[in-house]
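Working notes, beginning with the structure itself.
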2 protein chains.
Amino acid sequence: MYINVMTNGPNHTTRAELPQADPLDHFLCFSVYAAGLAFNRVYKPLLDRYAVTYPQYLAIVALSSKDGQKVSELGERLFLESNTLTPLIKRLETAGLVSRRRDPKDERVVRLSLTPTGRDLADEALQCVPGEILQATGMSSEDLSSLNQTMIALGSALREIE
Amino acid sequence: MYINVMTNGPNHTTRAELPQADPLDHFLCFSVYAAGLAFNRVYKPLLDRYAVTYPQYLAIVALSSKDGQKVSELGERLFLESNTLTPLIKRLETAGLVSRRRDPKDERVVRLSLTPTGRDLADEALQCVPGEILQATGMSSEDLSSLNQTMIALGSALREIE
DNA sequence: TGCGATTAAATCGCGAGCGATGTATATCAA
DNA sequence: TTGATATACATCGCTCGCGATTTAATCGCA
């Protein structure tokens, strides 16, 4: 009926008079926002055992595929910049999960690696956490996979604006 | 191929040896997270003209449908609680967009309404902002609508866990 | 009526996300 | 070689999200 990235919502001129559905229901940006909140809340108790936050966990997953990534490389994967990542990574370093060292070839660059503890956490969390959540969505593996592709494409499209 | 809410990612045992795709690509939670970041960044310059943030804007949209909502009612719509909403609403009050008054029938309750300025902002932003973003996604109105329904359902399913 | 339990918001402290700016290293051109 | 420019990361101040706690008002029930 109405668009959902953002729309005028149901009949603007009578908005004040008619009982109406929640206008937020027409906003894709809101359903994505709310699903993000919900994911965060589902993961939190699972990640509490490892004493990492959800964004920290995503960083660890991103770091698990390759040692010695730069801060800027990690940022490209996570779509974040050093103003967000530097403090986050320092917390992971303090927690003993990540090591940071300046690249001797270029002292401006910081190279990141998981410590053995960090790698163990990545492996364990990657193996243990997912099943419960997968089931909880009540969606088939195929549906989830195609939804994931759609969301990746949506993110790409939005990032290309301007 | 692999699950996408959260999965082991490509072949765990060879993770360290093989060049491999970004394991984050297999996480629906990450694609949702990244799309949320992207939406935020797309909206920011558009909302800057109105000097409101993205979450403030969502609150204004939620408030635009009905006057006199309680903080808790707004929270149910936005999936947020008073610890987040109270400061946000106070900023909107300071900006002259929202009015807060205690309910005389129950002094514990705070009733929220858009001021005329706030309503103008809601109307204007609701009418002006969407089109550009809709186009930018490169998706049809129907696809966006069904994606929205899917994301609403996903959020609901995640919220029902436990 | 009075008092403990419940409820609605507010407050506090922390991690995250980000615009703006700062600092140190590297590069390049004259 | 040197000075200007560019690059990589760090820092700062703000808003947001949230667990935990607090304050104030209301309710329930003896």
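Being a predicted model, the structure only gives us computed values, none of them experimental. Within every chain, numbering begins at 1; the chains are lettered A, B, ... in the order of the sequence lines, protein sequences first and strands thereafter.
Using a 4.0 Å cut-off, some side-chain N or O of B/Thr86 falls inside it from OP1 or OP2 of C/dA10. Within the 4.0 Å cut-off from OP1 or OP2 of C/dT11, at least one side-chain nitrogen or oxygen of B/Lys90 is found.
Between B/Lys70 and B/Val110, every side-chain heavy-atom pair lies at or beyond the 4.5 Å cut-off.
A/Leu37 comes within contact range of the sugar-phosphate backbone alone, with a heavy-atom separation under 4.0 Å but no base atom that close. Residue A/Ser82 is in base contact, counting any heavy-atom pair closer than 4.0 Å across all strands shown. A/Ser72 comes within 4.0 angstrom of the backbone, heavy atoms only, and of no base. Looking at heavy-atom distances under 4.0 Å, B/Thr53 makes contact with sugar-phosphate atoms alone, never a base. Residue-level contact check: B/Leu85 touches neither bases nor backbone, having no heavy atom under 4.0 Å from any strand.
Using a 4.0 Å cutoff on non-hydrogen atoms, the parts of residues 94-109 of chain A near DNA chain D are A/Arg100, A/Arg102, A/Arg108, A/Val109, ordered by number.
Contact annotation: side chain of A/Asn83 to base of C/dG19, donor-acceptor pair present below 3.5 Å.
To the nearest 0.5 angstrom, B/Thr53 atom OG1 is 7.5 Å from B/Leu92 atom CG. One finds the CG atom of A/Leu74 at 8.0 Å from the CG atom of A/Leu80 (value rounded to the nearest 0.5 Å). To the nearest 0.5 angstrom, A/Ile152 atom CD1 is 10.0 Å from A/Leu147 atom CG.
Protein atom OH of A/Tyr33 is 13 Å distant from nucleotide atom C1' of C/dG17, rounded to whole Å. Whole-Å rounding puts the B/Leu112 CG to C/dA9 C1' distance at 11 Å. Nucleotide C/dA16 holds its P atom 13 Å from the OH atom of A/Tyr54, rounded to whole Å. Distance CD (B/Glu93) to C1' (C/dA10): 13 Å, rounded to an integer number of Å. Across the protein-nucleic acid pair, A/Arg111 atom CZ and C/dT25 atom P stand 17 Å apart, rounded to whole Å. In this structure, CD of B/Gln69 is placed 16 Å from C1' of C/dA9, rounded to the nearest angstrom. The CD1 atom of B/Ile89 sits 12 Å away from the P atom of C/dT11 (whole-angstrom rounding). Between B/Glu81 atom CD and C/dA9 atom C1' the separation is 11 Å, expressed in whole Å.
Using a 4.0 Å cut-off between charged nitrogen and carboxylate oxygen, B/Asp103 and B/Lys105 do not count as a salt-bridge pair.
By the 30° and 60° cut-offs, the orientation of the rings of B/Tyr54 relative to B/Tyr43 is parallel. The aromatic rings of A/Tyr57 and B/Phe27 stand perpendicular to each other, their planes meeting at an angle above 60°, with 30° marking the opposite boundary.
For the pair B/Pro87 and B/Asn40, both in contact range of DNA chain C, the more 5′-proximal nearest nucleotide belongs to B/Pro87.
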Distance-only donor-acceptor hits, side chain of residues 93-100 of chain B, under 3.5 Å, sequence neighbours excluded:
from	atom 1	to	atom 2	distance (Å)
B/Glu93	OE1	B/Arg100	NE	3.2
B/Thr94	OG1	B/Lys90	O	2.9

Next item on the list: Just do the side-chain contact (heavy atoms from CB on, under 4.5 Å) check on A/Val32 and A/Met151 with the steps written out, would you?
Entry: CA-CA 9 Å; A/Val32 170; A/Met151 293 306 294; 3.8 Å; yes

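You can see that DNA chain D meets the heavy atoms of chain A within a 4.0 Å-exclusive cut from D/dT7 to D/dG19, reading 5' to 3'.
Atom CD of B/Glu81 is surrounded by 12 or fewer heavy atoms from other residues, nucleotides or ligands within 6.0 Å.
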